[in-house]
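The block underneath contains the structure these notes are about, expressed in structure tokens.
Predicted model, so just to flag it, every value in this text is computed and none were measured. Just follow the structure's listing: the first ligand is 1, and inside any ligand the first atom is 1. These values consider heavy atoms only, across backbone and side chains, with no hydrogens, waters or symmetry-generated copies.
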Amino acid sequence: MNKADFELAHKIAAVTGAGNGIGAGIAKGYAQAGAAVAVIDWDLAAAQRVADEICTDGGKACALRCDVSDHVMVEQVVREITDKFGPIDVLVNNAGIGMRAPAEEMTEEQWDKVLCVNLKSAYNFCTTVGKQMIARGRGGRIINMASITCMVGVETGNINYAASKGGIVAMSRCLAIEWAKYNILVNVIAPTHVRTPLINRLIEEHPEKGEYFLHNIPLGRLGEVDDVVGPAVFLASGAARFITGHTLLVDGGHTAW
Ligand code: ADP
């Protein structure tokens, strides 16, 4: 084993939805592993806080505002990152939203919005950064965030979210095959419910949902952001050089039921 295989020294990483929760954790983890990190979010203040924290800890980061569902903004932000740090080696598509409603009450707007932010944005970023990686000819890593909803059905109100995450897995598998010849490795991380501020709020408002989440996780607890960071570093690292088209379940055994 080569220790350097687990480091990201001299790599340029871009993480979307990195102002909060899992994305913020991954951005900080990548910086600790040695990468320069573009912290992308539509909430610039949140992205700036994460970038500042990384820089205070001696890492390299910048914050960028981008609505990931807007193709023009995505192209612009990729240009900005390239100008500042250089071409992107590692892309993490993590930005996402949920708009819950029982299926029979879900509006077309709720369906379209979630599919647009969670799936189309990943397509926007994959193709924009992928083009750059292909032209450069040095391969690359793409990690798309899904969720266990790509494998199992979950509680009421999530058909739009689950469809978007199922789409992420299907798209990533095809991209992995299409871009294998360029050594661009495309993988997915599918976490179970992770204790982000959003989930914490949901559980506070609906304690029965917390019980339900726990009941489904054999390891007996919800995920923590840090549980996802190690797998994300691994998939970006040299150690994962022969893994592509894979969906890594980070779920405490949820889908093994
Ligand atoms: P999780 O950590 O579970 O992925 P969060 O809601 O904590 O969920 O984080 C998602 C991040 O994605 C937030 O920082 C949010 O601002 C960001 N985000 C959501 N939609 C967009 C968008 N259209 N463009 C850019 N960032 C977005």
Side-chain angles (χ1 to χ4, degrees), residues 14-30 37-54 61-78 80-81 91-100 109-126 128-129 143-150 154-155 158 160-162 164-165 168 188-205 209-210 213 217 222-229 231-232 248-252 254:
V15 185
T16 74
N20 295 285
I22 295 171
I26 293 174
K28 290 180 211 167
Y30 280 1
V37 185
V39 181
I40 302 164
D41 208 291
W42 62 6
D43 179 348
L44 182 59
Q48 193 61 59
R49 273 195 298 275
V50 174
D52 287 348
E53 211 180 303
I54 291 172
C62 67
L64 297 125
R65 199 186 97 75
C66 176
D67 178 350
V68 291
S69 60
D70 179 337
H71 201 93
V72 176
M73 275 186 103
V74 169
E75 286 187 349
Q76 192 185 322
V77 119
V78 169
E80 278 175 47
I81 297 165
L91 166 68
V92 180
N93 284 304
N94 166 78
I97 55 166
M99 292 176 99
R100 289 164 184 259
E109 195 196 345
Q110 286 171 321
W111 174 270
D112 285 347
K113 181 83 186 159
V114 169
L115 266 290
C116 184
V117 174
N118 294 6
L119 182 56
K120 188 182 156 205
S121 66
Y123 149 78
N124 281 343
F125 256 102
C126 283
T128 305
V129 173
I143 295 154
N144 293 324
M145 295 302 297
S147 112
I148 45 130
T149 57
C150 72
V154 293
E155 76 282 2
N158 274 305
N160 49 359
Y161 186 82
S164 71
K165 296 305 185 180
I168 285 282
V188 173
I189 294 177
T192 187
H193 302 288
V194 170
R195 276 201 176 277
T196 58
L198 203 84
I199 288 280
N200 284 338
R201 229 178 8 256
L202 187 76
I203 292 173
E204 255 168 47
E205 285 164 16
K209 282 208 194 308
F213 294 157
I217 303 175
L222 266 66
E224 299 291 337
V225 167
D226 261 358
D227 296 328
V228 185
V229 174
L248 183 52
L249 295 158
V250 181
D251 71 351
H254 189 147

Counting N and O atoms only, with roles assigned by atom type, does the side chain of [X] sit under 3.5 Å from a partner on the main chain of [Y], one being a donor and the other an acceptor?
{"X": "N94", "Y": "A18", "answer": "no"}
{"X": "Y30", "Y": "A232", "answer": "yes"}
{"X": "N160", "Y": "M99", "answer": "yes"}

Note to self: Measuring from non-hydrogen atoms of V117 to any atom of ligand 1, is the shortest distance under 4.0 Å?
What the structure shows: yes
Notebook entry, point to check: Protein heavy atom under 4.0 angstrom of atom 8 (O) of ligand 1, is there one?
Noted result: no
Notebook entry, point to check: Is there a protein heavy atom less than 4.0 Å away from atom 20 (N) of ligand 1?
Noted result: yes
Is there any N or O on [X] that sits under 3.5 Å from an N or O of ligand 1?
{"X": "S69", "result": "no"}
{"X": "V68", "result": "yes"}
{"X": "D67", "result": "yes"}
{"X": "G23", "result": "no"}
{"X": "C66", "result": "yes"}

What's the spacing between [X] [atom1] and [Y] [atom2] if we round to 0.5 Å?
{"X": "I22", "Y": "R195", "atom1": "CD1", "atom2": "CZ", "value": "13.5 Å"}
{"X": "I189", "Y": "D227", "atom1": "CD1", "atom2": "CG", "value": "11.5 Å"}
{"X": "E53", "Y": "K28", "atom1": "CD", "atom2": "NZ", "value": "3.5 Å"}
{"X": "F125", "Y": "H71", "atom1": "CZ", "atom2": "NE2", "value": "10.0 Å"}
{"X": "N20", "Y": "R49", "atom1": "CG", "atom2": "CZ", "value": "7.0 Å"}
{"X": "M145", "Y": "K165", "atom1": "CE", "atom2": "NZ", "value": "7.0 Å"}

[atom] [closest protein heavy-atom partner, distance rounded to 0.1 Å]:
{"atom": "atom 4 (O) of ligand 1", "value": "N94 OD1, 3.8 Å"}
{"atom": "atom 3 (O) of ligand 1", "value": "T196 CG2, 3.7 Å"}
{"atom": "atom 12 (O) of ligand 1", "value": "G17 CA, 3.4 Å"}
{"atom": "atom 10 (C) of ligand 1", "value": "G96 O, 3.8 Å"}
{"atom": "atom 5 (P) of ligand 1", "value": "N20 CB, 4.5 Å"}
{"atom": "atom 2 (O) of ligand 1", "value": "I22 N, 2.8 Å"}
{"atom": "atom 18 (N) of ligand 1", "value": "W42 NE1, 3.7 Å"}
{"atom": "atom 15 (C) of ligand 1", "value": "D41 OD1, 3.5 Å"}

Margin query: Please verify the inter-ring angle class for H193 with F213; under 30° counts as parallel, over 60° as perpendicular, anything in between as tilted.
Written below: parallel
Note to self: Between E204 and N200, do the side chains contain a donor N or O and an acceptor N or O under 3.5 Å apart?
What the structure shows: no
Item checked: G21: numbered ligand 1 atoms lying under 4.0 Å from its heavy atoms -> 2 (O), 7 (O)
Next item on the list: Can you sort out which atoms of ligand 1 are near I97, meaning under 4.0 Å from one of its heavy atoms?
Entry: 19 (C), 20 (N)
